[in-house]
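Residue numbers count from 1 along this sequence. Just so it is clear, the values below take in all heavy atoms, side chains as well, and ignore hydrogens, waters and symmetry mates. Everything quoted here is computed from the prediction, not taken from an experiment.
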Amino acid sequence: MTTWLKMQPQDTLPVYSLMRAFYDRRLGQGTVPDGRLYDSIGRCCGDYPHIEGWVIYESGTLAGYAMLSRGYDPAEGKELMRMEEFYISPEYRQAGTAERFLRALPGLYPGCGSVSVPDNGADAAWRPRGYRRVAALFSAACPSGDASPDRDAPRQSGH
């Protein structure tokens, strides 16, 4: 049976091991420092309002985790949730664990405008789980926190 709970501080070490496996496989061993992983888990468990985590169990055994960030759609006047990370241990990938969590995920946020997932899979993978393609995103990197803009500096026009 697949179950899920909001991530709590006592989940730190078990989730760390899954997160380490996720990043080592995806980006290369040791690419992401341990401190960043612990910081992400801490934000998921603490008072940080922009991200939260879920731990996913299969028959009482930790099988994976998910991290979602919060956004807002002014046109709808509703909160939006976006999946930032989703990892299921290899031994549970064929057990339907991911599918059951993904189907249930929108229901974990009643009143929310939508839950979105990264656009890195075929429509055939997401549509049966209740998701639809909306749009692609473009993004630009922000300067480091050390380079905060001077609030009294004149604003430049884009003309």
* To do: Kindly say whether R100 contributes a backbone atom to a donor-acceptor pair with the side chain of T2 at under 3.5 angstrom?
  =>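 No; zero donor-acceptor contacts below 3.5 Å.
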
* Asked: Counting only N and O atoms by type, is there a donor-acceptor contact under 3.5 Å from the side chain of D11 to the main-chain atoms of Q8?
  -> yes

* **Hydrophobic cluster (4.5 angstrom, side-chain heavy atoms) - remaining members for M67** =>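 Answer for M67: L5, M7, L13, V15, Y16, L18, M19, F22, Y23, L27, V32, L37, Y38, I41, Y48, I51, V55, Y57, L62, Y65, Y87.
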
First locate atom [atom1] of [X], then atom [atom2] of [Y], and finally report the distance between them rounded to the nearest 0.5 Å.
X: E58; Y: Y92; atom1: CD; atom2: OH; result: 7.0 Å
X: L108; Y: K6; atom1: CG; atom2: NZ; result: 8.5 Å
X: M81; Y: L68; atom1: CE; atom2: CG; result: 5.0 Å
X: D34; Y: D39; atom1: CG; atom2: CG; result: 12.5 Å

* Charged N to carboxylate O under 4.0 angstrom, E52 versus R43? -> no

* **Short N-O contact, E84 and R82, less than 4.0 angstrom** =>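 Result for this pair is yes, salt bridge flagged.
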
If you count every heavy atom of other residues, nucleotides or ligands that lies below 6.0 Å from [X] atom [atom1], does the total exceed 12?
X: R25; atom1: CZ; value: no
X: Q10; atom1: CD; value: yes
X: R93; atom1: CZ; value: yes

* Asked: For the residue pair F101 and F86, does the interplanar ring angle fall in the parallel (under 30°), tilted (30 to 60°) or perpendicular (over 60°) class?
  -> parallel

* Set of residues satisfying salt bridge (Lys or Arg N to Asp or Glu O under 4.0 Å) with respect to E99, sequence neighbours excluded ->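 E99 satisfies salt bridge (Lys or Arg N to Asp or Glu O under 4.0 Å) with R103, R129 only.
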
* Asked: Which residues satisfy the salt bridge (Lys or Arg N to Asp or Glu O under 4.0 Å) test with E85, sequence neighbours excluded?
  ->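 None.
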
What's the shortest heavy-atom distance between [X] and [Y], and which atoms?
X: E79; Y: C112; answer: O-SG, 3.0 Å
X: C44; Y: G53; answer: CB-N, 3.5 Å
X: G77; Y: Y72; answer: CA-OH, 3.2 Å
X: P9; Y: T12; answer: O-OG1, 2.7 Å

* Co-membership, hydrophobic cluster, residues L80 and V115, 4.5 Å side-chain ->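 L80 does not cluster with V115.
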
